[in-house]
Structures are given as structure tokens and as C-alpha cells.
Amino acid sequence: MLKSKTFVKKTRSGGVMKIVREHYLRDDIWCGSEVCTVCKQESTVLQKDACIESNLCSYPHYLIPDTNVVLHQIDILEDPVIRNVIILQTVLQEVRHRSAPVYKRLKDIIHEKEKHFYTFTNEHHRETFIEREPGETANDRNDRAIRMAAKWYSQHLKTFESNTDGLKVVLLTNDQGNKQKAQDSGLLVYKCEEYIKSLIANPELVDRLALSDDDKNEITTSKVLFPEHLPLSRIQAGIKSGSFLQGTFRASRDNYLEATVFVQGEGEESTEVLIQGLQNLNRAVYQDVVAVQLLPRDQWVAPSSVVLQDEGKAKDDNAEEEEEEKALKVSAAEAARKPTGKVVGIIKRNWRPFCGMLNVSQIKESTRHLFTPADRRIPRIRIETRQAATLAGQRIMVAIDGWPKDSRYPNGHFVRSLGSAGEKGTEEEVLLLEHDVPHQAFSQAVLSFLPKMPWAITPEDMVKREDLRHLTVCSVDPPGCTDIDDALHCRELENGNLEVGVHIADVSHFIRPGNALDKEAASRGTTVYLCGKRIDMVPELLSSNLCSLRSNVERLAFSCIWEMNHKAEILKTRFTKSVINSKASLTYAEAQMRIDDTTKNDDIIKSLRGLNKLAKILKRQRIEKGALTLSSLEVRFHMDSETHDPIDLQTKELMETNSMVEEFMLLANISVAQKIYDEFSECALLRKHPAPPPSNYDILLKAAKSKDVEIHTDSAKALADSLDGAKVDGFPYFNTLLRILATRCMMQAVYFCSGMDSDFHHYGLASPIYTHFTSPIRRYADIIVHRLLAVAIGADSTYPDLMDKQKQSALCNNLNYRHKMAQYAQRASVAFHTQLFFKSRGILNEEGFVLFVRKNAIIVLIPKFGLEGTVFFDTKDKTVPNLVFDEEGPTLNIEQHTFHIFDKVKVTISLDDSNIQHQKIRMALIDPVIPGVSVPAPDVEPQAKKPKLDR
């Protein structure tokens, strides 16, 4: 049966267009129930014995939630207890329009077989479709459609003799009006909350209920604490007229009464508006999109340097807070003042479930408690739970439901427990969730696109490939590496020149554009390496087996081959898909030993020595062009094989072979970048590293000046040369410290699409163009680059998204975000393992260097552990010494002693685990001895020392 829908739509030019849509109604849409004998369905989803213990519904029943229940109570629907649910098409479509994250979660539940969620296409069923009546709102029409479908189901199920148990349909709604209408038409209907509270066998589900508007009113005090948020229409008009600005709210990690709103301007221009004080922050949460109004110029303030954590008791009395707000308002010099404003409305909430811990209420029998998120930028959240005693000491997840204007904290509900705080597994899970690292197991849909085992290279694979199996190819990687992306070879040609090849795993052969495996890899963006754990971007069958260029097996590769003379000048470059058979998988140390062993001279060693010789020339040439050699201390943990706890902590040593591999990877990346840009000037995926703004170098220049060393920063070449010449007699570590500081001045390198940008330069490598080609197993950007290169050399076909610069640009944004988050997650993992290491060590004393000087503290670097920590001089329990801070130096004068950057100090290092959620490495000064400030050196238990090797 055919219906037609007609509606009018306003066009861009202001005209009106009539649109007619055909809408088919069918008789062959089945109910999905095991009880049914009428519907001609091949398989059923809804069970016959749909029993769940409830003191409201003592009979077996199916649930039909309305749209608001799905949107607000998705945590409940995800619980394993809730099964046999009918999701109506009306509800599914509304959820899709209103919340993409909830829609994705709902689709995931529908795909879980054991949940028995059935999608019923009520909008195309002849007996359940309804027309919108004149004067009826779309919302009311949808509510009526839901009631209609519920009525059809209850009548449909009544007709079966097999339904002897009295199987019924229960409609769940939170809308009082909808509930009344459903009852009037004889339907079984309950509010979601009363139904969940009736589940006698599962009282813990009540904690996962999101608060409805009625509950929110009960919790709050009558005193209005915050200004009303403006409606969206007023906000849009204000943004258009310029009286409001739209931006992203970024809360401060160090001060809960301060935030900035980042306002993106035209092109590269952007401004930051400072927000101070609870009223002005007006219930905005980190990452929300907000509307701000600038305050009059005479009310502008400077960012405060005070550290304020929202700790202590639940503050509903504002006396203490008013004191803290006063402490912020330092009379600042006119120049230091920043544009200051207040939040007038919320355009888009960016709430997610937050990890953290419960602060159990001191009031006996209380069910209301405060939850403290692990992320200091998120406010504390008030939740209701009856399991407080169980949850104390556990890491839990909580979602925000809302933040009324008369509540000091947002209201939320308990989502799930992650395990005991401080345990390695729990903390790793928190770390991944907080950094938004996708780490769930790969779904069946993704795994279905993997090649079937046993896998072998077929004659069809060989047609478009060069057979390079005869070459002496080998790989050089860190110890324990199983995802080997790259391998190398070097051999002498008959004409006396050298042939050098970089062979990269051909991942794009296995991951085809647009399928589930490709989409998952694009979403993950990168493999994340934590201490002792790896979260793969692609399933292990590819990452550690079929794509990994292991030795003595045939593998598909994408090869970049150069002909060079002995001065490392490139004479010819070619790219080809190939088949290789690596002759050796070496670690950096093994490769170094083979190069250095003068008694041996086999083919692998000849190849390595040739590569090493050329790499030294390439490096020298790069440095002459102005490439930077910066330094950052990377640490390595030695793990206990039983407990997997760190037993030793060392900074990584770099060898010549590290540099050898790096040089050829850089060369391959530059060669490929040039090739894909020549072929596709609008849609090449490239990587750039912007030059830092001059102000970034202030700290580096001041640090060098304090030791009478001059640093030039007008170009990368000038910086590189002055860093090379920066030496201080009797202070050999000075140059490394300077390079560590220089690294801190740098900008982040980013992916971009060539058609959307004009500045391609890579500052750190001093290269006019650059991309990533050499690690497709662990970076998605490289897969796209492989696809572009394959199309450029005619080895593969193109597809629309590859040539769409808008899509390419959106992909780059996701990749940049994922890479940044992966970096932060890796740092957090190192920090956590460092804490574990010091936990079992008691108090250590070590030598270090002052890296930064602050108003009330010095930041100290301990080279031995690659560890940074802060020595505070104004701790709460001590009388504050006489501190004089000079920003020019910068220097800090304490009781006759002056600290400069790079001063050598001796400190104690210990773990402060008084706050289990925010454990810290604490440092205290031993030397220089300052009365009343420094501490006596502790007697450290001498550990059984390892015998020192003569080096």
C-alpha cells in the first residue's frame, strides 16, 4: 500500500519548494516473538519466557521504551538484566536525530544476541502507521505512534494459544501526559523509575537511573546560586549581533574557579576569554560549547597563579568559596589583564561518563554522596547510591544528568565500577577511558574482513608486484617488537652505485576502503603503547603476523628504492608493490654488534654497514640544512616477569643503529610526500611542523643567558647551530638540559590535507614537505598515504573519499586528536609505573637539576630516572619562608639562597599516596642546605648493588 507525504521546504534563495515523498506500508513486517505462529519469520528475537522478577509485573513481559527513556536511561538498557525489549522505528529515528552517541550505544545493544532487543518497523506496518493530524505537534504524533504500536503488540500476542503464561507488553515512559493517555486506552504503562524500583532481585539497577526533572528539583536547595542560562534563540541572535561569543570551555586543572573559553576566529585567528568565579563559570563543564559575554574593560582580570583544588566538604554554604574567590582577584598590572567574560548559555554539552572515586557522605544512612572525577577539570558530581560502602575505595564511572541553577554541583548517576583503586588493571582501564583510547575487543563485523587462515601469497598477488625475495633485506627494531613495519636493504650495483631499499608492510592490501575493518582502524587512528601493554589499531592477526615483516617468511611490501652514489646523493627513485623475504629481524643492539664486529663480513653485515655509512652522510646533510637534534629523556622499565611490576627504571640509550633506521625512514617519508603531492596536489595527506612563535623561546633564552650562553632562534638552522655550540666548562650535562628545554618550546606536528593549507614546512626536520609512510601497522595516516601512492603508480584503484579534501581534512582532525591522546596516555602510563616503582623504594636521595623556577617552587629533573618533580616552598604545615621571585631571571630567592635554572640540587624522592586517586611523586630539598626549608638526608637502605661493568 502506498501513501504519500507532502511538505514544503524553504530554499536558500528564499523560495518555497513542495516535496512529495512516497511511503510504503506493508503486511510482511513480523513481530519477532517466539510465541507467535502467524508471522512468517525465519528467526525470532524475543523469548517466550520473558521473565524478570518484578513486584509490579508478576507475568512474563516485553518492554517498549519511549524515546526519552532510551535517551536518558541508556545505562539501564545496557544492563544484562534488561532483556526482551522492543525498539520501535519511531524511537530509533528520534534517537538518531537527537543523540549520535546514544544511537550508537543502542545499535550495539540491538546487535547483542543475548540481550534479545528487537527492532520493529512500525512506521511501515499497515496496522501501526498513523498520519499526523492537523494541529498535532511532531512530538505528540510520535508519542501516539508509540502507543499505537504498543496496543497492536498486546492484541497480537493475546491471540495465541501458546501464550498461556499471559505474556504482556509494558510501555515505559517518563512523560506524565503520555502515561495518562496510554492508561486511558487500556495499555500497561509504568514510569521507567517505578518499573526499575520494582525489580526485587536487582536493587543495584536503581543506582544507574538517570535523574528525571522531578527528582532534580527535590535535591536542590531553594537558594538560586547561578544565573539562568539563556534560551538557544537568544544565544543565536546574540552571536549574530556580536554581543556574545561562541567557544569551547576549557576548565583549569589547577584552579576550579577559573577557566578560559577558546573562541575560533577567521582563518588561523583565535582568542581566549578568561572566566573567573563560580557565577561567571555558570555551570559550564570542560569541553562544553558555550556562549560568553565579555565584561566591561574595567572588570577584566589577570589569570591567577594560585592553585585551588575543590576539596574538603560539600560546599553549599558559600562563605568559604567567597574567600577563595577574593584570593583570585590580585591587583594585576594593566598589561597582564586578559579579556574576561561570563558564560550566559550552553550551546552544546559534551558530557561523557567520567572515571573517579566516591567521597562517602559523613551522614549515616545517607544515599547522597559526592563523586570526585579523576580529571581535575571536571567538577564534583552529586549522585544517589545505596552501595556507598561497597563503592568506597573503588574506581567508578558516573554520568552527569543535569545541573540546576540552585545546586552547587551537577547531579548524576552511577554507571559501573571499574575495580579497586591503585590496582594495576583498574588504573590502566581508567587511563584508557580518560584519554578516550578505543580499547574494546575488535567486533565480529571487523574480524570478518580478516583473511582466512592459512594465508599464502597467490599468483594473482604476484601479477602487479616485483619479486624482491632474493634481496638481503633485514629489519632493525626495539627488543620485543612484534609489529615490524619496516625492513631495509643496501647492495652495490654493477655501475658502482648503491641500491638502497626501504620496504614497508603492505597493510592497505589487507584493509580495503570503507569496510568495517577500515572504519575501525580510522577511528582508532594509532596503536597506543603503554608500559608493558599495546592497544592495537588493527587486529593481531595483521599487526603481529600477516603484515609484520618477520624474518624467513614471505611478506607483501610497498617498497621505495633509490639508486645513490657513495656521497648519498639520490640519482633515481622508484616505488613498487613487492614481495620480500627478510633474512634477519634484529634489535638495535644486535645490529650495532654486527656492524662493529670486524671479524665477520656476510651479506647482512655488508648491507648494514652500507646503510650505516650512508645514514651518517644523510644525517650530516640534514643537520647542515638546519634540522634540529633535540632531546627528551625516555625511560625504560624493567618488569618483574611474575608480577609485571617495575623493578628497575633507566633512561633509554640511543645507538648509531637507531639513527641509521631513522635516517632512511625520514628519506622514504620525504620521497613519498613529494610523489603524492606531485600527483594529487589537492588531496595529499601530509604532515607539517609549524615554527614556534618567538615568545615560546623566552624560557630557553633566559636559561642560556643565566650561564652566559647566547642562543639564536631566528631560524631552525640558527637554533641548531647555537645549540651545537652551547657549552659550559665543568658542566657536561648543560647541553642536554638546553636541548630538553628547547623541545618544550616546540609546537605539535600535525597531519593536514594539501588542498586545505599552503604552509607545508616541517620546522624540526628542516624539510619543505613531509608525510608518514613507514608505519602503516600502527598509524592510519600511513595507510591513506599508501593508498594515494598506489593510485599514483597505478598499483591500485582510487575511491571517492580518497580524493575528497573535505573528508580528508576531517580525517586529519581525528588522527591529530587520537595521536595527541595516545601521547598523553603513554605519559600517564609512565607516570603510573614510576609511582609503582617508588612505592616499593621508600625514600631515595638523588641529584638533579632545576628545570624551571616558579613563584613558590622549583621544578627539578632527575636525569637518572628521566623524572620531573616539584619542590614546593609554601607547604601548608610549615611556616612560609621569605620568598622573592624575579620573573626576569627567572630566579627565586629563599632566605639568602637564590635558585637559577640549571642549578644542581640534591632532593629526596618519595611517593605521596595520601590521596589514592591523585598519587604524587614528592620531592624535598636536601642540598643546598637552607635552614627551615631543606630536610636532612634520609638514611637510605643500601640495596644489593649490581656489580658495575667496566665500560
Side-chain angles (χ1 to χ4, degrees), residues 1-5 21-52 57 59-67 69-70 77 80 82-96 103-132 141-173 182 185-189 443-445 448 516:
M1 186 176 153
L2 187 64
K3 290 255 180 200
S4 64
K5 286 180 170 176
R21 288 225 177 114
E22 292 180 337
H23 189 85
Y24 288 89
L25 299 183
R26 307 170 58 138
D27 298 320
D28 58 352
I29 292 169
W30 315 130
C31 71
S33 171
E34 274 181 0
V35 174
C36 179
T37 50
V38 173
C39 294
K40 300 180 180 69
Q41 43 206 6
E42 284 172 20
S43 61
T44 55
V45 174
L46 301 162
Q47 295 168 297
K48 192 175 178 177
D49 51 342
C51 291
I52 181 167
C57 318
Y59 35 81
H61 56 277
Y62 299 151
L63 296 173
I64 299 185
D66 74 0
T67 310
V69 169
V70 174
L77 296 176
I82 304 294
R83 294 198 298 271
N84 294 297
V85 176
I86 299 161
I87 299 293
L88 301 177
Q89 182 190 1
T90 313
V91 171
L92 200 59
Q93 285 172 342
E94 265 199 285
V95 169
R96 186 180 173 184
Y103 179 71
K104 186 187 180 305
R105 287 167 74 181
L106 183 59
K107 291 292 279 185
D108 288 346
I109 306 173
I110 293 167
H111 287 140
E112 276 180 54
K113 284 195 171 68
E114 58 279 7
K115 288 281 284 170
H116 302 283
F117 270 52
Y118 180 65
T119 314
F120 180 63
T121 321
N122 64 310
E123 295 290 354
H124 289 279
H125 193 292
R126 191 198 293 268
E127 294 176 39
T128 57
F129 171 74
I130 57 161
E131 299 265 16
R132 186 166 156 189
R141 182 257 164 217
N142 288 345
D143 283 346
R144 191 159 59 86
I146 293 167
R147 295 196 297 274
M148 183 75 189
K151 194 164 192 168
W152 179 85
Y153 255 105
S154 51
Q155 286 167 350
H156 181 72
L157 294 175
K158 263 183 202 163
T159 54
F160 303 116
E161 289 165 22
S162 56
N163 187 5
T164 48
D165 301 336
L167 181 64
K168 292 187 170 61
V169 173
V170 174
L171 177 63
L172 293 184
T173 179
S185 55
L187 289 172
L188 260 175
V189 56
S443 69
Q444 277 313 116
S448 70

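All residue numbers in this chain count up from 1 along the given sequence.
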Exercise for the section: Mark yes or no for whether Glu123, through its side chain, and Gln89, through its backbone, hold a donor-acceptor pair below 3.5 Å. Expected result: no
Exercise for the section: Examine distances only and state if a side-chain atom of Glu112 and a backbone atom of Phe117 form a donor-acceptor pair shorter than 3.5 Å. Expected result: no
Practice task
State yes or no: are the ring centers of Tyr62 and Tyr118 separated by less than 6.0 Å?
Solution key: no
Exercise for the section: Answer yes or no: is there a side-chain heavy-atom contact under 4.5 Å between Pro60 and Leu167? Expected result: yes
Practice task
Of all the heavy-atom pairs spanning Ser154 and Leu187, show the shortest one and how long it is.
Solution key: OG-CD2, 4.1 Å
Practice task
Verify, without hydrogens or angle tests, whether His111 (side chain) and Lys107 (backbone) share a donor-acceptor contact under 3.5 angstrom.
Solution key: yes
Problem - Side chain to side chain, Val85 and Pro65, heavy atoms closer than 4.5 Å - result: yes
Problem - For the student: nearest non-hydrogen atoms of Cys31 and Gln41, plus distance - result: N-OE1, 3.6 Å
Completion exercise
Nearest heavy-atom approach of Glu127 to Trp152 is OE1-NE1, 3.1 Å
Problem - Any His124 side-chain heavy atom under 4.5 Å of Ile29 side chain - result: yes
Fill in the blank from the handout: Looking only at heavy atoms, the pair that brings Lys48 and Val35 closest together is CG-CG2, 3.8 Å
Handout entry: salt_bridge(Asp108, Lys104) N-O dist < 4.0 Å
Key = yes
Problem - His61 (side chain) donor-acceptor with Lys168 (main chain) under 3.5 angstrom - result: no
Fill in the blank from the handout: side chain to side chain donor-acceptor pair (under 3.5 Å) filter on Thr67, not counting sequence neighbours, yields Glu94
Handout entry: Test item: Lys115 side-chain N/O and Ile110 main-chain N/O as donor-acceptor pair under 3.5 Å
Key = no
Problem - Side-chain (Asn142) to main-chain (Thr90) donor-acceptor, under 3.5 angstrom - result: no
Practice task
With the side chain counted from C-beta on, respond yes when Ser33 and His156 share a heavy-atom pair under 4.5 Å apart, and no when they do not.
Solution key: no
Practice task
Using distance alone, with no hydrogens and no angle criterion, decide if Thr173 and Asp66 have a side-chain donor and acceptor under 3.5 Å apart.
Solution key: yes
Handout entry: Check: Thr128 and Phe120 side chains under 4.5 Å, non-hydrogen atoms
Key = yes
Completion exercise
Residues at least two apart in sequence or cross-chain that pass side chain to side chain donor-acceptor pair (under 3.5 Å) with Gln93, listed by chain then number, are none
Completion exercise
For Ile64 and Tyr153, the nearest pair of non-hydrogen atoms, with its separation, is CD1-CD1, 4.3 Å
Problem - Results of side chain to side chain donor-acceptor pair (under 3.5 Å) for Arg144 - residues two or more places apart only - result: Glu136
Problem - Minimum heavy-atom distance Leu171-Arg147, with the two atoms named - result: CD2-CG, 4.4 Å
